[in-house]
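Heads up: the structure comes next, in structure tokens.
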Amino acid sequence: MTTKRDFLTLRDITPQELQMLLQRAQDLKKGKDATRCPLIGKSIGLLFEKASTRTRVSLEVGMYQLGAQTIYMNPKEIQMGRGETIHDTAKVLSRYLDAVVIRTFSHDTLKEFASHAAIPVVNGLSDLHHPCQALGDLQTIIERKEKLKGLRLAYVGDGNNVANSLIEAASLTGMNISLACPKGYEPDPGVLKKAKESIGAEIAVVRDPVEAVRKADVVYTDVWISMGQENEASRKRKKFEKYQINSTLLSNARKDAIVLHCLPAHRGEEITDEVMDGPRSAVFDQAENRLHTQKALLEFLLA
Ligand code: CP
Ligand code: NVA
């Protein structure tokens, strides 16, 4: 019997597997095997405790294209919302489904679910990681820059789930990363420590956005207020004022630097309209690439 593979963080795959997935995503995007349905007859659960546009729709469409069906579950509408345990839910869903993608608050919920599930569990976003996002980000960077190793990515803003997964992406690919975060909003120390211990990427956390962006090939940001942090909104908005990606900040990056944002964006806060809709922005290609990379991922985990 083969053991199931989970994808809770980017570190659940090897650097070689990551390269293979990104290559497969490029092939799928070009239409290779468009009529093959490697996941025919499979059922993929989407257990989402939080809102989603890109992750949900790209998975629903992508799984249909591969021959699988998806079943969307809002935890409030299944018995989990009435107190059925994660343990029991994971055991039961494993009897019906072939894989489950979970979007949740606590990363521990995801780990607990995965420890009881007999099927692959994919992280569709937790408060600590957003590894499916990082896959789409890497595909977009390769499309625009034709490589990852040796590039410099500057992340400006909150040291959140997206930032943590980008740090792991850098450590697995040899891409250098500088993050500019206000005091108290740095990335997860455990993620940083492990990333710094592994292969040759430079990883730096600084305060000054200009310093982070200098010589960057890719400039990345995310919302200041993540899902579930609404009660901290006014405090965070003040702290993050200087962390906006605008034309002035972008002028410190390389002339051919591209701009990424995982979306949804709060236009006028972490990014200006001018930058988001400008010639350097690759944000809609990036959103599209969620589709191709997640197809490659689920095929890898299940086919
Ligand atoms: N980037 C991302 O995960 O978007 P959604 O929240 O819309 O899924
Ligand atoms: N950091 C954001 C990402 C949304 C895709 C959040 O967690 O809400």
Side-chain angles (χ1 to χ4, degrees), residues 7-10 25 44-63 70 72-75 100-110 122-141 153 155-169 177 179-182 184-188 191 218 220-233 236-237 239-240 243-245 259-267 269-271 276 281-295 297-298:
F7 185 67
L8 305 189
T9 84
L10 218 54
I44 316 299
L46 308 179
L47 182 54
F48 277 32
E49 272 183 321
K50 294 176 174 176
S52 171
T53 299
R54 281 141 288 268
T55 310
R56 177 179 177 178
V57 178
S58 59
L59 278 163
E60 298 219 19
V61 171
M63 293 308 99
T70 48
Y72 183 79
M73 292 166 284
N74 174 342
V100 62
V101 183
I102 301 181
R103 172 167 284 207
T104 187
F105 289 89
S106 163
H107 195 73
D108 288 340
T109 302
L110 208 54
V122 173
N123 181 356
L125 181 147
S126 68
D127 283 353
L128 201 55
H129 292 275
H130 197 1
C132 288
Q133 180 64 50
L135 292 180
D137 302 343
L138 293 177
Q139 181 177 10
T140 312
I141 298 169
L153 184 145
Y155 177 94
V156 176
D158 194 14
N160 61 15
N161 43 12
V162 169
N164 289 330
S165 287
L166 284 170
I167 290 167
E168 293 198 336
I177 183 167
L179 303 103
C181 311
Y185 295 95
E186 295 86 359
D188 181 73
V191 168
V218 181
Y220 198 123
T221 191
D222 182 16
V223 289
W224 296 339
I225 296 130
S226 284
M227 290 181 275
Q229 299 181 339
E230 291 74 13
N231 58 357
E232 297 173 56
K236 281 191 99 175
R237 274 194 194 101
K239 291 251 182 196
F240 282 83
Y243 292 78
Q244 183 188 64
I245 308 272
V259 174
L260 298 182
H261 189 311
C262 58
L263 306 183
H266 286 198
R267 286 168 174 261
E269 282 193 9
E270 76 279 0
I271 191 164
M276 178 122 159
S281 168
V283 300
F284 297 112
D285 287 347
Q286 183 187 4
E288 177 186 331
N289 290 336
R290 299 293 306 279
L291 173 70
H292 310 297
T293 46
Q294 285 161 183
K295 284 169 72 177
L297 175 69
L298 269 296

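Order of listing sets the numbers, starting from 1, for every ligand and every atom in it.
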Quiz prompt | For atom 2 (C) of ligand 1, the protein heavy atom that lies nearest, with its residue and separation | solution = R290 NH1, 3.3 Å

Quiz item: So which heavy atom in the protein is nearest atom 7 (O) of ligand 2, and how far is it from that ligand atom?
Solution: N161 ND2, 2.8 Å

Practice problem: Going by the salt bridge (charged side-chain N to carboxylate O under 4.0 Å, His left out) test, name the single residue among K239, K236, R237 that passes it with D158. | Solution: K236

Quiz prompt | atom 3 (C) of ligand 2 - nearest protein heavy atom and its distance | solution = D222 OD2, 3.6 Å

Exercise. Please indicate whether any nitrogen or oxygen in S226 is less than 3.5 Å from any nitrogen or oxygen in ligand 2.
Key: yes

Quiz item: Considering only protein heavy atoms, which is closest to atom 7 (O) of ligand 1, and at what distance to one decimal place?
Solution: T53 N, 2.6 Å

Quiz item: Of the protein's non-hydrogen atoms, which lies at the shortest distance from atom 4 (O) of ligand 1, and what is that distance?
Solution: R54 NE, 2.8 Å

Exercise. Distance to 0.1 Å, residue and atom name: give those for the protein heavy atom nearest to atom 4 (C) of ligand 2.
Key: L125 CD1, 3.9 Å

Quiz prompt | Y185/F240 aromatic ring centres below 6.0 Å | solution = yes

Quiz item: Heavy atom under 4.0 Å from ligand 2: found in D158's side chain, backbone, both, or neither?
Solution: neither

Quiz item: Are the side chain of E168 and the backbone N or O of L10 linked by a donor-acceptor pair below 3.5 Å?
Solution: yes

Quiz item: Do the side chain of N123 and the main chain of T9 share a donor and acceptor less than 3.5 angstrom apart?
Solution: no

Quiz item: So, R103 side chain and G124 main chain: donor-acceptor pair closer than 3.5 Å or not?
Solution: yes

Quiz item: So is there a nitrogen or oxygen of C262 less than 3.5 Å from a nitrogen or oxygen in ligand 1?
Solution: yes

Self-check item: Min N/O separation L263 to ligand 1 under 3.5 Å
Solution: yes

Practice problem: Would you mind checking which non-hydrogen protein atom is closest to atom 3 (O) of ligand 1, with the distance to 0.1 Å? | Solution: H130 NE2, 2.8 Å

Self-check item: Any donor-acceptor N/O pair, T104 side chain to E49 backbone, under 3.5 Å
Solution: no

Quiz item: Are side-chain N/O atoms of H266 and E270 paired as donor and acceptor at under 3.5 Å?
Solution: no

Exercise. Kindly confirm or rule out a cation-pi arrangement of R56 over Y72, judged by NZ or CZ under 6.0 Å from the six-membered ring centre and within 45° of its axis?
Key: yes

Practice problem: Consider only side-chain N and O atoms of D285 and T140, and report whether a donor and an acceptor are under 3.5 Å apart. | Solution: no

Self-check item: Subset of ligand 2 atoms that lie under 4.0 Å from at least one heavy atom of N160
Solution: 1 (N)

Quiz item: So which protein heavy atom does atom 6 (O) of ligand 1 come closest to, and at what separation?
Solution: R103 NH1, 2.8 Å

Exercise. Would you check if there is a donor-acceptor pair between the side chains of Q294 and S58 at a distance under 3.5 Å?
Key: yes

Quiz item: Please state which protein non-hydrogen atom is closest to atom 8 (O) of ligand 2 and give its distance, to 0.1 Å?
Solution: M227 N, 2.8 Å

Quiz item: Of all the atoms in ligand 2, which lie at a distance below 4.0 Å from a heavy atom belonging to L263?
Solution: 5 (C)

